[in-house]
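Quick note: numbers below take in every heavy atom, side chains included, and nothing from hydrogens, waters or symmetry partners. Every chain is numbered from 1, with letters handed out A, B, ... down the list of sequences. All of these numbers come straight from a predicted model, not from anything done at the bench.
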Number of protein chains: 2
Amino acid sequence: MKKYLEILKKCPLFDKIDDESLVRMLTCLGGRVVSFDKKYTVFAEGARAKYIGILLSGSVQIIQVDYYGNRNILSVIRAGEVFAEAFACAEVDSLPVTVIADEPSEVMLIDSSHILHTCSNNCGFHQQLIYNLMKDLASKTIMFHQRIEITSKRTTREKLLSYLNMQSKSAGAREFDIPFDRQELADYLEVDRSGLSVEIGKLRREGIIENRKNHFVIL
Amino acid sequence: MKKYLEILKKCPLFDKIDDESLVRMLTCLGGRVVSFDKKYTVFAEGARAKYIGILLSGSVQIIQVDYYGNRNILSVIRAGEVFAEAFACAEVDSLPVTVIADEPSEVMLIDSSHILHTCSNNCGFHQQLIYNLMKDLASKTIMFHQRIEITSKRTTREKLLSYLNMQSKSAGAREFDIPFDRQELADYLEVDRSGLSVEIGKLRREGIIENRKNHFVIL
DNA sequence: CTCCTTTTGTTGAAAATTCAACATATTTTA
DNA sequence: TAAAATATGTTGAATTTTCAACAAAAGGAG
């Protein structure tokens with residue numbers, strides 16, 4: 001477990017918990033590490049929402065797939081971030097989303113009951129853990145607000161521009177990479193891929209952006 | 001404060017806290033009650049995200065208004081529910097949304113620092129409060145998942161049908177009222193109002209639904 | 001009850017999206 | 001390196017949405 005300590009220390013779930021306590025805690029929480037190759041399913045829709053996931057390496061996507069096979073990308077999880085926590089905390093019985101590995105990924109799975117209900121050892125940091133979980137959920141809610149602000153725009157162009165501006169802002173630079181290829185960006189923005197390609201081309205010709213693959217510059 | 005006890009007991013924030021403790025707690029939290037007439041602003045976008053709101057009576061809407069004046073209804077809050085908690089908990093400095101009274105409403109405002117940081121009296125229920133807040137935020141996240149599942153559909157018809165099915169499901173009946181007039185429903189589904197009216201008319205003529213104003217029956 | 005305001009429904013034209021099909025470019029792998 | 005697979009760009013037709021303008025219906029105030 002030692003090898004994961006550095007990344008776990010960056011996980012918001014373990015904020016303000018010192019190294020020694022963290023190690024003891026991990027035993028107590030009974031987390032286990034599982035690896036997934038690219039495109040493999042971490043959690044399938046409909047599965048029991050029993051585990052909270054912490055991404056140790058790689059990246060995973062939270063997606064919904066509708067009746068017709070249309071994919072909707074809800075969010076992208078990066079190393080150190082937590083996922084599926086909302087379903088575990090709200091004690092829903094089955095997952096309404098699928099989690100798939102976007103690249104080879106290592107995931108730590110923790111039985112949510114070990115987090116939500118204080119263990120018999122009563123390690124003093126359980127309260128901090130709950131507090132951290134609350135903070136994490138609050139920031140997830142804000143993340144969804146931002147996503148909705150983008151996708152509620154009515155045209156592909158407006159969605160794209162507000163997505164790129166948001167990314168630029170959070171990168172703190174006019175030049176940045178996005179975590180999506182074209183189809184994925186379309187599935188995140190809730191638009192048609194070919195229409196998205198057209199719009200990117202237009203913005204480039206109008207001198208509003210420069211881009212190459214998933215690298216963008218706002219001019 | 002006594003007159004609000006019944007509704008506060010139903011608030012998820014005070015789950016598993018007995019009456020006596022609740023009363024003591026309210027003093028400790030320093031909540032104050034404010035009334036708003038219909039259409040009045042409870043919190044304006046850009047305001048400091050200092051307070052957590054508990055709706056005591058009436059109903060409020062969480063909305064975003066873009067540059068062009070287009071309204072987007074993110075959610076509707078009913079009596080007993082909490083709002084603006086995510087922004088306070090995540091300690092963002094200014095609100096990215098507006099909260100307006102949808103009907104005459106009474107709101108209890110609690111300074112979030114009183115909730116997040118244990119008070120000097122150290123009332124024993126602070127931990128339960130944090131735990132409840134975490135649960136509440138988890139269910140808000142799930143609510144947004146559901147909203148996105150609806151609004152990610154590409155046509156007005158599909159959005160409307162999946163919204164109505166969701167409402168029917170949560171009402172546990174094929175017959176139910178929705179909390180929106182036509183314009184509000186359009187702003188929630190992220191579609192054009194007149195196009196929505198057309199679609200409702202079609203579904204009615206096709207014998208798929210019956211409706212009168214905001215009352216719907218799925219056949 | 002009547003007038004006034006608000007809400008809902010209707011229409012047609014303009015704009016945008018979706019869809020399918022294919023061309024081109026890039027990446028992977030054998 | 002060449003072939004195969006995947007990703008991106010392009011096009012035109014069909015569908016759908018948006019927009020503006022107005023008609024009809026419902027609700028509220030005096």
Side-chain angles (χ1 to χ4, degrees), chain A residues 37-39 61 66-73 100 102-104 150-164 177-206 208-216, chain B residues 37-39 61 66-73 100 102-104 150-164 177-206 208-216:
Chain A
D37 281 337
K38 186 170 176 168
K39 297 198 178 174
Q61 295 178 341
D66 74 11
Y67 184 78
Y68 303 101
N70 301 311
R71 173 180 63 173
N72 182 11
I73 300 179
I100 56 160
D102 190 36
E103 40 187 302
I150 292 169
T151 57
S152 69
K153 298 278 189 297
R154 300 300 165 83
T155 65
T156 300
R157 186 189 182 89
E158 282 182 300
K159 288 183 187 187
L160 177 57
L161 279 174
S162 74
Y163 173 75
L164 292 176
D177 289 338
I178 67 170
F180 296 129
D181 63 27
R182 289 290 177 280
Q183 183 63 62
E184 289 173 328
L185 181 56
D187 291 343
Y188 180 84
L189 297 180
E190 304 171 356
V191 299
D192 179 69
R193 180 196 62 76
S194 69
L196 176 61
S197 273
V198 169
E199 216 56 57
I200 289 173
K202 275 191 201 165
L203 288 175
R204 198 167 34 209
R205 276 190 299 278
E206 291 172 24
I208 295 171
I209 64 170
E210 277 176 10
N211 88 300
R212 190 186 136 69
K213 296 194 51 186
N214 66 338
H215 186 81
F216 285 80
Chain B
D37 280 338
K38 186 169 178 171
K39 299 199 176 172
Q61 295 177 341
D66 74 11
Y67 183 78
Y68 303 101
N70 300 311
R71 173 179 65 173
N72 182 13
I73 300 180
I100 56 161
D102 190 34
E103 41 187 303
I150 291 169
T151 58
S152 69
K153 298 280 191 295
R154 299 302 165 83
T155 63
T156 300
R157 187 189 181 90
E158 281 181 301
K159 288 182 186 187
L160 176 58
L161 279 173
S162 74
Y163 173 75
L164 292 176
D177 289 338
I178 67 171
F180 296 129
D181 63 28
R182 289 289 178 281
Q183 183 62 62
E184 289 173 328
L185 180 57
D187 291 344
Y188 180 83
L189 297 180
E190 303 171 357
V191 299
D192 179 70
R193 180 197 60 77
S194 67
L196 176 61
S197 272
V198 170
E199 214 58 58
I200 289 173
K202 275 191 200 165
L203 288 175
R204 197 169 33 210
R205 277 190 299 278
E206 291 171 24
I208 295 170
I209 63 169
E210 277 175 9
N211 88 301
R212 189 186 136 68
K213 295 197 53 187
N214 66 339
H215 185 81
F216 285 80

Legend entry - Spatial distance of atom CG (D187(A)) from atom CZ (R182(A)) [nearest 0.5 Å]: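 One gets 13.0 Å once the value is rounded to the nearest 0.5 Å.
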
Legend entry - B/S/- contact track for nucleotides 14-25 of chain C, protein heavy atom under 4.0 Å: --SSSBB-----

How close or far is atom [atom2] of [N] from atom [atom1] of [X], stated in whole angstroms?
X	N	atom1	atom2	result
L196(B)	dT16(D)	CG	P	16 Å
K153(A)	dT18(D)	NZ	C1'	16 Å
N214(B)	dA25(D)	CG	C1'	16 Å
L203(A)	dG9(D)	CG	C1'	15 Å
Y68(B)	dC19(D)	OH	C1'	15 Å
I200(A)	dT10(D)	CD1	P	11 Å
K159(A)	dT18(D)	NZ	P	10 Å
K39(A)	dA7(D)	NZ	C1'	11 Å

Inset, instruction - Please tell me which of the listed nucleotides, dT10(C), dA7(D), dG9(D), lies nearest to the side chain of D181(A)? - result: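 When the side chain of D181(A) is considered, dA7(D) is the closest of dT10(C), dA7(D), dG9(D).
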
Inset, instruction - Check D102(A) against E184(A) and note the closest heavy-atom contact, atom names and distance. - result: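 The answer is OD1-OE2, 3.3 Å.
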
Inset, instruction - Provide the closest heavy-atom pair for T156(A) versus L196(A) in the form atom of the first, atom of the second, distance. - result: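 Answer, listing the atom of T156(A) first, then L196(A): CG2-CA, 4.0 Å.
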
Legend entry - Which residue lies more 5' along DNA chain D, comparing K213(B) with R205(A) via nearest heavy atoms: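 So the residue in question is R205(A).
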
Legend entry - K153(A) (side chain) donor-acceptor with E158(A) (main chain) under 3.5 angstrom: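 Checked: no pair found.
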
Legend entry - Heavy-atom donor-acceptor pair, N214(B) side chain to I178(B) backbone, under 3.5 Å: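 Looks like yes, one N/O pair under 3.5 Å.
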
Legend entry - Non-hydrogen side-chain atoms of L160(A) and V191(A) separated by less than 4.5 Å: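 They are not in side-chain contact.
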
